[in-house]
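Order of the sequence lines sets the chain letters (A, B, ...), proteins ahead of strands, with each chain counted from 1.
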Amino acid sequence: VSQAAAEPLGSPVTALAALAGEVAGRARAREQVEVYLARSTATTVRAYGGAVESLSQATSAGVGVRVVRDGRQGFAHAGTLEPDALAETLDEARDNASFGTADEHAGLAVPDGVAPAPVDPWDDALAAATTDDKVALALALEQATVAGDPRITGVRTAAYGDGRGEAAVATSTGIAAAWRSGTCYLSVSALAADRGETQTGHGVSVGRRLEDLDVAEAAGDAVDRATRMLGSRPAPSRRLTVLLDPHVTASFLGVIGATLNGGAVLKGRSLFAGRVGEEVASPLLTLVDDPTDTDSLGAAAFDAEGLASRRNALVEAGVLQAFLYDTWSARRAGTASTASAVRSYATTPGAGARALAIAPGTLGEEELLARVGDGLLVQGVSGLHSGVNTVSGDFSVGAEGLVIRGGEVAEPVREVTIASTLQRMLRDVVAVGADRRWLPGGTGSASLAIADVSLSGT
Amino acid sequence: VIDQDVLQRVLGVALGNGAEFAEVFVEDRRSSAATLDDRRVEEVTSGRERGAGIRVVTGETTGFAHTADLSEPGLLEAARAAASAAHGGGGRRTVALEPRSDHAAAGRVVRPGGVEKGDKVELLVRADEAARAAGGPIRQVSVGYGDSHRRILVANSDGLLATDEQVRTRFSVSCVASGDTGMQTGNESIGLTRGIELLADHPPEAVAAEAARRALVKLGARPAPSGTIPVVIGPGSGGVLFHEACGHGLEADLVGKGASVFRGRRGELVASPLVTLVDDGTVDTEWGTLAIDDEGHPGSRNVLIEDGVLTDYMWDFLRARREGRRSSGNGRRQSYKHLPMVRMTNTYLTGGADDPDEIVASTPRGVYVAKLGGGQVNTATGDFVFGMTEAYMIEDGRITEPLREGNLIGNGPEVLRTIDAVGGDFSMGGPGTCGKDGQGVPVGLGQPTLRVPALTVGGTAA
């Protein structure tokens with residue numbers, strides 16, 4: 001096992017960076033080599049029935065190597081940092097490079113002069129937290145959920161989890177970067193039952209240290225969301241305004257983010273190709289991808305190709321500003337990388353949103369409901385992977401939530417779908433909530449009201 | 001890979017805190033992939049993941065740790081970590097392992113390691129050319145080839161020692177067509193527990209032609225209806241319906257937690273008498289086929305619903321052990337870094353007696369779904385969705401215009417009860433990846449043509 005693998009995680013990350021640089025330095029003439037190294041530790045505690053159901057301690061490390069020669073790219077990866085494996089992975093990537101199609105835009109990132117922002121989303125307190133403290137949080141989460149309402153019969157899962165990781169990337173083209181991050185979370189899925197009917201509700205809390213986690217908030221959300229769905233039924237089909245809660249908005253923003261991927265645009269797979277500078281959304285909508293914002297769990301000083309993270313405005317007051325690029329897609333588009341490369345050690349980099357956020361609006365909960373008047377408050381959607389097509393724009397998902405009538409929430413609804421197209425939904429935004437919050441996945445989300453959506457039910 | 005003596009010592013240490021059960025799962029997985037997109041072979045990649053996961057059970061608590069270090073010290077360290085996570089108290093036990101005969105279902109297939117990378121790339125180019133030859137509106141084609149060669153070993157404190165070798169190969173084509181109404185997509189995949197020789201039986205050109213046909217058909221698609229309507233689902237990939245409508249709800253872990261609408265209903269009529277549902281890890285070379293599961297137990301054919309009556313749930317070893325029964329061979333995990341849990345293998349509805357053409361002809365107005373995409377279910381409520389990636393209107397008993405994509409939603413127990421026609425044209429569908437609690441595993445699906453008298457279609461048309 002190499003020295004870098006034996007170092008304690010987090011401090012200093014330079015051991016991993018040095019190892020990446022050493023391997024990248026083995027590049028031969030007329031050859032570019034990129035070495036991406038990552039290692040992480042994670043703990044997951046699941047509580048069930050007042051006891052620990054499972055406690056997992058995970059330690060992972062891996063390497064991904066890209067070789068570019070004569071415009072052809074090869075890649076290989078391995079789930080270890082052992083010296084022999086590093087050498088084998090480099091050889092394998094080299095061999096793979098002989099089979100690609102030559103591409104004038106192929107090539108690794110080169111330093112672009114942008115200075116890294118002072119972003120280091122890491123708290124030593126998380127590394128110091130004891131297993132007993134983590135177990136206590138998981139047990140407390142289950143207990144608070146079950147005690148939250150007499151109709152709660154138990155949980156499907158109640159878990160504490162954390163992950164601390166570091167990564168380094170070095171290239172023979174002069175890139176040398178390393179970064180680290182740590183996050184922890186509580187996640188609970190509550191079961192509520194009444195008169196032979198069961199409903200579920202989910203609650204989460206996320207942070208960078210145990211003290212950030214709010215057991216009462218996660219349990220309370222799960223209990224409310226499960227109990228308020230009791231007695232729910234399908235509703236009649238009609239067109240209406242939906243009010244997406246921040247969790248659902250986050251899923252919607254994830255879909256929109258995929259359409260703003262510069263690689264997809266170049267390959268003719270985006271709705272928005274050729275539309276920069278045009279009004280594609282309601283003036284109420286502003287979207288930014290800013291991994292230098294330390295409030296986002298996606299924050300990091302560098303992207304996965306080792307370029308300094310930067311703030312990218314994507315949609316401003318409804319006008320499309322830019323797409324997200326990694327090095328390859330930027331070169332092909334004749335522009336500069338937006339430092340939007342995302343990857344794991346087992347994949348090659350691609351462009352993607354890292355810390356997507358919607359600019360908060362001004363309306364509070366009551367004002368939002370009043371603005372909607374009659375509609376549906378959507379608390380959960382399903383089938384995002386099966387009913388949403390980011391190329392055609394078709395959008396159709398299962399939904400559950402509460403009817404909004406006369407500006408107030410009324411009876412619960414389930415087993416319905418809501419449908420429109422992504423193009424129309426962006427234009428049909430009628431309100432953005434002031435309730436912006438940061439969610440798992442790094443998304444900054446808020447309540448979002450969208451008009452003229454088709455509800456399918458009875 | 002690892003000596004029996006070493007495994008026995010590791011299990012002994014894992015049991016050291018007085019645990020009642022310990023298990024070592026070793027995995028060595030090599031994979032390779034090649035992708036073509038936008039007329040370019042973008043990259044050829046290869047990877048290797050090797051390591052061991054160690055599980056220790058004390059009472060109701062499971063401790064788990066994994067390591068990529070397969071040396072004896074590395075395994076012992078992981079065993080101690082798992083044991084302390086499941087902390088009990090007490091002495092140490094010794095374990096004597098009894099090797100079972102190796103299954104090595106992969107013995108009959110071409111192992112990926114022996115295949116020239118250039119041969120894989122050649123398949124991509126053939127598919128790209130075939131898809132583009134399908135017509136001018138095809139504007140973009142991406143093709144993916146992927147194979148994996150997975151060797152596993154399971155040893156546990158009950159004395160079990162089993163190994164297996166699993167080879168899977170997958171080939172997929174995705175097309176974009178462009179017309180007056182915008183862009184549409186069409187996909188097709190083939191995937192089996194075989195080597196590259198599967199592409200001889202399923203030529204890249206045929207996979208590509210099917211993907212291109214789907215994209216072109218949808219250029220003329222109109223918005224799907226909105227509301228409740230009879231739905232006829234064609235043979236093959238329609239098996240997603242059962243995977244979601246009741247498959248997940250019949251997994252013993254969810255049943256045990258009261259998170260399934262099918263809890264406590266064994267022996268009861270839960271579906272139309274036309275429904276016989278099977279989960280079968282032994283189907284020849286299907287995507288979800290396995291000789292042993294990831295707990296070392298043989299894959300088997302399990303009848304879940306017979307003529308409408310719920311006969312059994314699916315079980316992993318841990319839950320079966322507590323109930324004093326045999327595992328049904330459904331304990332699976334994504335990798336050595338994951339704990340096993342109850343998972344489906346190949347889940348299918350067996351063929352019925354109805355004429356598929358007659359099922360359509362006897363439906364005055366409805367939706368015909370020729371190919372389903374993925375789906376999702378809330379097992380506690382039974383509500384599930386599944387996507388239609390190729391669908392048509394049925395008008396006056398005839399299949400007419402194509403429909404745009406969308407989800408359908410229904411309630412599992414209700415849909416099962418109301419199925420009123422099952423055809424005799426059974427077929428397996430394409431390869432699927434089933435996600436549960438963050439773990440993905442390969443699964444197979446199948447069904448004949450069938451009709452549900454009322455499902456909610458999530459379209460935008462009146």
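Side-chain N/O atoms of B:Glu43 and A:Thr348 include a donor and acceptor closer than 3.5 Å. Between the side chains of A:Thr200 and B:Asn378, at least one donor-acceptor pair of N or O atoms lies under 3.5 Å. With no hydrogens or angles considered, a side-chain donor-acceptor pair links A:Ser456 and B:Ser226 at under 3.5 Å.
Applying the 6.0 Å contact sphere to CD of B:Glu77 captures no more than 12 heavy atoms from other residues, nucleotides or ligands. Under a cut-off of 6.0 angstrom, the local environment of CZ in A:Arg239 is crowded, with over 12 non-hydrogen atoms contributed by other residues, nucleotides or ligands.
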inquiry  = Determine whether B:Glu405 and A:Asn389 satisfy the following criterion, side-chain hydrogen bond (donor to acceptor under 3.5 Å, both in side chains), listing intermediate values before the conclusion.
reply    = CA-CA 8 Å; B:Glu405 284 178 44; A:Asn389 186 318; 3.0 Å; yes
Evaluation steps, side-chain contact (heavy atoms from CB on, under 4.5 Å), between A:His77 and B:Ser31 = CA-CA 10 Å; A:His77 63 91; B:Ser31 58; 4.3 Å; yes
request  = With side-chain contact (heavy atoms from CB on, under 4.5 Å) as the test, would you mind laying out the steps for A:Gln57 and B:Phe64 before giving the verdict?
outcome  = CA-CA 6 Å; A:Gln57 304 278 13; B:Phe64 182 68; over 6 Å; no
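A:Ser237 touches chain B through its side chain: at least one heavy atom from C-beta onward sits under 4.5 Å away, while N, CA, C and O do not. Looking at B:Phe384, there are no atoms closer than 4.5 Å to chain A (heavy atoms on both sides), in backbone or side chain. When heavy atoms are compared at a cutoff of 4.5 Å, B:Leu339 approaches chain A solely by way of its side chain, counted from C-beta outward. Only the backbone of B:Val457 comes within contact range of chain A, with heavy atoms under 4.5 Å apart. With a threshold of 4.5 angstrom between heavy atoms, B:Asp37 approaches chain A through side-chain atoms but not through N, CA, C or O. When heavy atoms are compared at a cutoff of 4.5 Å, A:Ser270 approaches chain B solely by way of its backbone atoms N, CA, C and O. Contacts between B:Val141 and chain A at a heavy-atom distance below 4.5 Å involve the backbone alone (N, CA, C, O). For chain B, no part of A:Arg238 is nearby; none of its heavy atoms comes within less than 4.5 Å. Looking at B:Thr67, there are no atoms closer than 4.5 Å to chain A (heavy atoms on both sides), in backbone or side chain. B:Lys337 touches chain A through its side chain: at least one heavy atom from C-beta onward sits under 4.5 Å away, while N, CA, C and O do not.
For A:Ala419 against B:Gly459, the heavy-atom pair with the smallest separation is CB-O, 3.6 Å. Between A:Val155 and B:Lys257, the shortest heavy-atom distance links the atoms O-CD, 4.4 Å. Considering every non-hydrogen atom in both A:Trp328 and B:Arg40, the closest pair reads CZ2-NH2, 3.4 Å. Contact record, B:Val44 with A:Phe99: CG2-CB, 3.6 Å, taken as the closest heavy-atom pair. Considering every non-hydrogen atom in both B:Ser46 and A:Asn96, the closest pair reads OG-ND2, 2.9 Å. Across all their heavy atoms, B:His66 and A:Ala58 have their closest contact at NE2-CB, 3.1 Å.
When each of A:Leu384, A:Thr417, A:Thr101 is checked for heavy-atom pairs under 4.5 Å with chain B, A:Thr101 comes out on top. When the candidates B:Ile409, B:Leu124, B:Thr456 are compared by the number of heavy-atom contacts under 4.5 Å with chain A, B:Ile409 comes out ahead. Chosen from A:Ser56, A:Gly100, A:Gly64, the residue pairing most often with chain B at heavy-atom distances under 4.5 Å is A:Ser56. In terms of heavy-atom pairs under 4.5 angstrom with chain B, the leader among A:Gly154, A:Ser189, A:Ser60 is A:Ser60. Ranked by heavy-atom pairs shorter than 4.5 Å toward chain A, the options B:Gly373, B:Gly458, B:Ser142 are led by B:Gly458. Residue with the most contacts toward chain A among B:Val240, B:Asp437, B:Val261, B:Val57: B:Asp437 (heavy-atom pairs, distance under 4.5 Å). The candidate with the highest count of non-hydrogen atom pairs below 4.5 Å against chain B, out of A:Gln199, A:Arg414, A:Gln73, is A:Arg414. Interface remark: of the candidates A:Ile418, A:Thr89, A:Thr157, A:Val416, A:Val416 forms the most heavy-atom pairs closer than 4.5 Å to chain B. Top candidate by heavy-atom pairs under 4.5 Å with chain B, chosen from A:Gly398, A:Ser382, A:Ala78, is A:Ser382. Counting heavy-atom pairs closer than 4.5 Å to chain A, the top-ranked of the candidates B:Arg50, B:Met388, B:Gln140 is B:Gln140. Comparing B:Arg39, B:Glu60, B:Arg139, B:Lys120 by heavy-atom pairs within less than 4.5 Å of chain A, the highest count is held by B:Glu60. Note: B:Gly227 leads B:Gly227, B:Gly59, B:Ala68 in heavy-atom pairs under 4.5 Å with chain A.
Without hydrogens or angle criteria, B:Thr185 side chain to A:Val391 main chain gives no donor-acceptor distance under 3.5 Å. A distance-only check finds no donor-acceptor pair linking the side chain of A:Thr198 to the backbone of B:Ala380 [under 3.5 Å]. Between the side chain of A:His385 and the backbone N or O of B:Gly375, at least one donor-acceptor pair lies under 3.5 Å.
Remark: B:Arg404 engages A:Asp394 in a salt bridge, criterion side-chain N to carboxylate O under 4.0 Å. A salt bridge between A:Arg72 and B:Glu42 is absent, with no side-chain N of the basic residue lying under 4.0 Å from a carboxylate O of the acidic one.
Taking 4.5 Å as the limit, every side-chain heavy atom of A:Ser54 sits out of range of all side-chain heavy atoms of B:Thr61. Between B:Lys218 and A:Ser392 the shortest side-chain heavy-atom distance does not fall below 4.5 Å. At a threshold of 4.5 Å between non-hydrogen side-chain atoms, the residues B:Lys117 and A:Asp95 count as touching. Residues B:Leu254 and A:Arg156 have side chains in contact (heavy-atom distance under 4.5 Å, counting atoms from C-beta outward).
Atom-to-atom distance recorded for B:Leu372:CG and A:Ser386:OG is 9.0 Å, nearest 0.5 angstrom. Put simply, CG on B:Asp383 and CD on A:Glu400 are 8.0 Å apart, with the number rounded to the nearest 0.5 Å. In this structure, OG1 in A:Thr44 is found 9.5 Å from NE2 in B:His338, a value given to the nearest 0.5 Å. Going from atom OG1 of B:Thr460 over to atom CZ of A:Phe395 covers 12.5 Å, rounded to the nearest 0.5 Å. Of the inter-residue distances, the one linking B:Ser32 atom OG with A:Glu92 atom CD reads 9.0 Å to the nearest 0.5 angstrom.
Here the rule is side-chain hydrogen bond (donor to acceptor under 3.5 Å, both in side chains) with B:Asp38, and of A:Arg332, A:Arg269, A:Lys267 only A:Arg332 fits it.
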